[in-house]
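Just so it is clear, the model here is predicted, and its values are computed rather than measured. The residues of the chain are indexed from 1 along the displayed sequence.
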Amino acid sequence: MVAATLVLLCTKPLETSLLTNGPWLLTVPSIAIIGREITMSAVREWAASQNTQVLEAVAVNNLGKWKTATQMTALTLLLASRDPSLHVQGALVPPGVALLYASAGLAIWSLVVYIRNIWRILLK
C-alpha cells in the first residue's frame with residue numbers, strides 16, 4: 001500500500017508552488033523508500049532460511065518504527081493535501097514533503113544498520 005501511494009504521488013504530482021519547479025521532489029525519497037522495502041523484504045526472506053543469529057540481525061528495531069511513523073504521517077499529509085474540501089490544503093504539503101524526506105533518510109539509515117548487523121555475523 002505504501003508503494004502504491006508513493007507511485008500515485010509521483011505520477012500525479014500535487015499542484016502547489018512548492019512542487020511546480022521540482023516535480024522530482026517526491027520521486028527521490030519515493031525511490032529510496034521503495035528500494036529499501038524491496039531490499040529488506042529480500043534480506044528478511046534470505047535471513048529466514050539461515051540460522052537464528054542472522055534472523056535476529058534483521059529483527060524489527062526502533063529505527064524501523066520511527067521510519068514507519070514518519071512515513072505514514074507524511075503520506076497522510078500528502079494525501080490529505082489533495083482533498084479540495086480541506087481549507088488548509090497548501091499548508092499540508094511542506095510538512096508532508098519534509099516528513100517524506102525524513103522517512104527516506106531513516107529508511108536508508110535503517111537499511112545500513114541491518115546490513116551492518118548481518119555483515120558482522122557473516123564475518124564471524
Side-chain angles (χ1 to χ4, degrees):
M1 287 176 53
V2 169
T5 303
L6 289 169
V7 169
L8 167 76
L9 290 170
C10 291
T11 56
K12 293 203 172 266
L14 304 164
E15 295 182 15
T16 66
S17 59
L18 179 66
L19 299 175
T20 304
N21 295 329
W24 50 266
L25 198 60
L26 296 178
T27 305
V28 172
S30 296
I31 290 170
I33 291 167
I34 293 171
R36 184 261 187 201
E37 294 304 322
I38 292 169
T39 303
M40 280 311 300
S41 293
V43 167
R44 284 200 171 108
E45 186 69 29
W46 169 79
S49 70
Q50 303 300 308
N51 62 35
T52 53
Q53 280 186 322
V54 176
L55 193 55
E56 289 172 4
V58 293
V60 177
N61 62 24
N62 283 336
L63 190 55
K65 292 178 190 280
W66 280 103
K67 180 223 34 122
T68 301
T70 57
Q71 188 173 286
M72 295 303 158
T73 305
L75 294 177
T76 300
L77 290 173
L78 291 170
L79 288 174
S81 70
R82 294 171 171 264
D83 185 355
S85 68
L86 293 176
H87 299 293
V88 291
Q89 278 182 292
L92 297 176
V93 175
V97 171
L99 283 172
L100 191 63
Y101 271 86
S103 173
L106 289 169
I108 298 302
W109 185 13
S110 69
L111 178 64
V112 169
V113 168
Y114 288 130
I115 298 300
R116 274 190 14 215
N117 290 343
I118 291 171
W119 195 251
R120 285 184 190 142
I121 291 168
L122 293 177
L123 290 179
K124 288 183 182 179

Minimum side-chain heavy-atom gap Leu78-Thr5 below 4.5 Å: no

Note, Val7 side chain near Ile34 side chain (heavy atom, < 4.5 Å): yes

Distance-minimising heavy-atom pair for Gly96 and Ala74: O-CB, 3.4 Å

Euclidean distance, Gln50 CD relative to Ile118 CD1, rounded to 0.5 Å: 9.5 Å

Sidechain-backbone polar pair: Tyr101 side chain, Val28 backbone, donor-acceptor under 3.5 Å: no

Minimum heavy-atom distance Leu63-Ser110, with the two atoms named: CD2-CA, 3.5 Å

Leu6 and Leu75, any side-chain heavy atoms less than 4.5 Å apart: yes

Whether Ser49 side chain and Trp46 backbone form a donor-acceptor pair below 3.5 Å: yes

Check: Asn117 and Ile121 side chains under 4.5 Å, non-hydrogen atoms: no

Transitive ILVMFWY side-chain link Leu8 to Ile38, under 4.5 Å: yes

Heavy-atom pair with the smallest gap, counting every atom of Pro94 and Ala91: CD-O, 3.8 Å

Joint hydrophobic cluster, Ile108 plus Val97, side-chain heavy atoms closer than 4.5 Å: no

Val43 and Tyr114, any side-chain heavy atoms less than 4.5 Å apart: no

Any Thr68 side-chain heavy atom under 4.5 Å of Val2 side chain: no

Side-chain touch Leu111/Lys67, heavy atoms, less than 4.5 angstrom: no

Smallest separation among heavy atoms of Leu100 and Ser30, with atom names: CD2-OG, 4.4 Å

Audit row: Arg82, Leu9, side-chain contact (heavy atoms from CB on, under 4.5 Å) steps and yes/no: CA-CA 10 Å; Arg82 294 171 171 264; Leu9 290 170; 3.5 Å; yes

Heavy-atom donor-acceptor pair, Ser103 side chain to Leu99 backbone, under 3.5 Å: no

hydrophobic_cluster_shared for Met72 and Trp66, side chain cutoff 4.5 Å: no

Interatomic spacing from CZ in Arg36 to CD1 in Ile33 - rounded to 0.5 Å: 9.5 Å

Minimal non-hydrogen separation, Cys10 against Leu26, with atom names: SG-O, 3.7 Å

